[in-house]
Amino acid sequence: MEESAHRRGDKKVVAVVGGGLVGALNACFFAKRGFEVEVFETREDIRKAKVVKGRSINLALSHRGRQALKHVGMEDKIVSKGIPMNARMIHSLSGKQSPIPYGKKGQYILSVDRANLNKELLTEAETYPNTTLNFDHKLQDWRAETGLMTFARPDGSKTQTQADLIVGCDGAFSAVRKQFLRRSRFNYSQTYIPHGYMELTMPPRNGEFAMKPNYLHIWPRNTFMMIALPNLDKTFTCTLFMPFEEFEKITTGDEVIEFFQKYFPDAIPLIGAAALRRDYFRLPAQAMVSVKCSPYHIGDKCVLMGDAAHAVVPFYGQGMNAGFEDCIVFDEIMNQFNEDFSVVLPEYSRVRVPDDHAIADLAMYNYVEMRAHVNSKWFIFRKHVDNLLHLLMPKTIIPLYTMVTFTRTRYHVAVERWHWQDKVSFFLLLFNFPL
């Protein structure tokens, strides 16, 4: 077993476990503060990999994520490689398309490519001389008392290393979090939703986008839906969200076409019948899990961030944004308490847990809204009412989506305010306030 001591001079060593989006960004935050940063990633370096394994759901980058990127000087670079989406575009069964703006004029979310963003963040982390990236390091065990970690290597050997702080950014099935589960008074729950997702590609038509690019396209069909996000190469990534039993009912190419003919007829010529027959069976539908836990820390030695702390279903477009905001919230608390881990870590748990639980619940709620409510006249009417009230009383009435997506209002505060505003709107409608 190889041993390595990583304390260099008087600098504290921070070990970031997980080299995904939140881990790579966190490495930049800690490196910027002057810590010796070691990143440990189970997979090979995705910048050199021929095939990038893992999820490829497009990401929607919004204000919270952009603020965190801005803090490490990465915002402009990432935004330049994103595609603005100003509104949802609702596709009815008849093929009619109706836009529903996300916010005020000029407000938009960005469609960004997960793999490219991860590569850019790893490359940025590497520019800091006090950062080392270690790939093919699978965490096997770690000790809260000493900060000693044991990693398995692809050749069967093991490496041990020690750190002053371990930051668990290793995803929904976190190896770091396993230690938390062995401890008393650690709360943990996970929920698999009954729906799975499957990705399909809509190719360009005559070298251009097959649909209007500056929209998040949604085909809401009550118990299931399809969405499509634009990519820089003029393709759309279409994601079909549906109960697993519905996926399993479709067993032949003809049944795929029949299903699309019934529910998404306008998408068939855009994706291509041959591609649909082939790609539907390429991979089975993937599961989606929501994870909640608390607290996020153990003593002054370890903290969880990103999906390791709060995996959310992807229906509010906030999974990555919440994970990136974790980094900036932690950084703000580090400023507040002069980098004293014994105070910073419990304060981070106290501040962040209610917000992450709130966005996990909102993401669940928004799935119903996206696949069912956007079809209803009442939903569209309420959106108009909320926007009008916001126009008349911009500081008093702020739509929930605006608070979540275009501000850094704390998630749990946004939810509380939304409930209050709902009562106000209902009261005004009840008494025929002249809207």
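In what follows, every heavy atom counts, from backbone to side chain, and hydrogens, waters and symmetry copies are set aside.
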Any sub-3.5 Å donor-acceptor pair from Asn214's side-chain atoms to Pro84's backbone N or O? yes
Should Glu126 and Arg47 count as an ion pair when the cut-off is N to O under 4.0 Å? yes
Just checking, is any N or O donor in the side chain of His310 or Asp326 under 3.5 Å from an acceptor N or O on the other one? yes
Can a side-chain donor-acceptor contact be found between Asn134 and Glu38 if the only test is distance below 3.5 angstrom? yes
With a 3.5 Å distance limit and no angle check, can you tell me whether Thr127 reaches the backbone of Glu124 through a side-chain donor-acceptor pair? yes
Within a reach of under 6.0 Å around NZ of Lys292, are more than 12 heavy atoms found that belong to other residues, nucleotides or ligands? yes
Does a donor on one side chain and an acceptor on the other come within less than 3.5 Å for Glu199 and Tyr197? no
Parallel, tilted or perpendicular: which fits the ring planes of Tyr296 and Tyr348, with parallel below 30° and perpendicular above 60°? tilted
Test of ring centre spacing under 6.0 Å for Tyr102 and Tyr108: no
Between His91 and His217, does the ring centroid distance fall short of 6.0 Å? yes
Within the 4.5 Å heavy-atom criterion, are His412 and His357 side-chain neighbours or not? no
Compute the ring centroids of Phe209 and Tyr215, then answer whether they are less than 6.0 Å apart. no
Donor-acceptor pair between Thr150 and Gln160 side chains, under 3.5 angstrom: yes
Is it true that Phe241 and Trp219 have ring centroids separated by less than 6.0 Å? no
Does the Lys NZ or Arg CZ of Lys12 fall within the cation-pi geometry relative to Phe341 - under 6.0 Å from the ring centre and within 45° of the axis? yes
Using the salt bridge (charged side-chain N to carboxylate O under 4.0 Å, His left out) rule, take Glu145 and Lys301 through it: C-alpha gap first, then chi angles, then the decisive distance, then the call. CA-CA 8 Å; Glu145 300 72 34; Lys301 264 291 182 276; over 6 Å; no
Side chain to side chain donor-acceptor pair (under 3.5 Å) partner of Asp141, the single match among Gln179, Lys178, Lys158: Gln179
Ile298 and Trp142, any side-chain heavy atoms less than 4.5 Å apart: yes
Do the non-hydrogen side-chain atoms of Glu36 and Thr131 ever get within less than 4.5 Å of each other? no
State whether the side chain of Arg153 and the backbone N or O of Thr159 hold a donor-acceptor pair below 3.5 Å, judged by distance alone. no
Measure from NZ or CZ of Arg88 to the centre of the six-membered ring of Tyr401 and say whether it is under 6.0 Å with the direction within 45° of the ring axis. yes
State whether Arg408 and Glu332 are salt-bridged, where the test is any N-O pair (Lys NZ or Arg NE/NH1/NH2 against Asp/Glu carboxylate O) under 4.0 Å. yes
Would Met334 and Phe29 count as a side-chain contact (heavy atoms from CB on, under 4.5 Å) here? Give the steps. CA-CA 11 Å; Met334 288 278 274; Phe29 269 86; over 6 Å; no
Can you confirm if the NZ or CZ of Arg177 lies within 45° of the ring axis of Phe186 and under 6.0 Å from the centre of its six-membered ring? no
Check side-chain contact (heavy atoms from CB on, under 4.5 Å) between Met198 and all other residues, then give those that pass, not counting sequence neighbours. Phe247, Tyr280
So do the side chains of Glu339 and Phe35 get within less than 4.5 Å of each other, counting heavy atoms only? yes
Side-chain H-bond candidate by donor/acceptor type, Asn335 with Arg33, under 3.5 Å: yes
Can you name the residues that form a side-chain contact (heavy atoms from CB on, under 4.5 Å) with Pro243, not counting sequence neighbours? His195, Phe224, Glu245, Glu246
Could you check Asp136 against Arg43 for salt bridge (charged side-chain N to carboxylate O under 4.0 Å, His left out), going step by step and ending with a plain yes or no? CA-CA 5 Å; Asp136 295 310; Arg43 300 168 298 174; over 6 Å; no
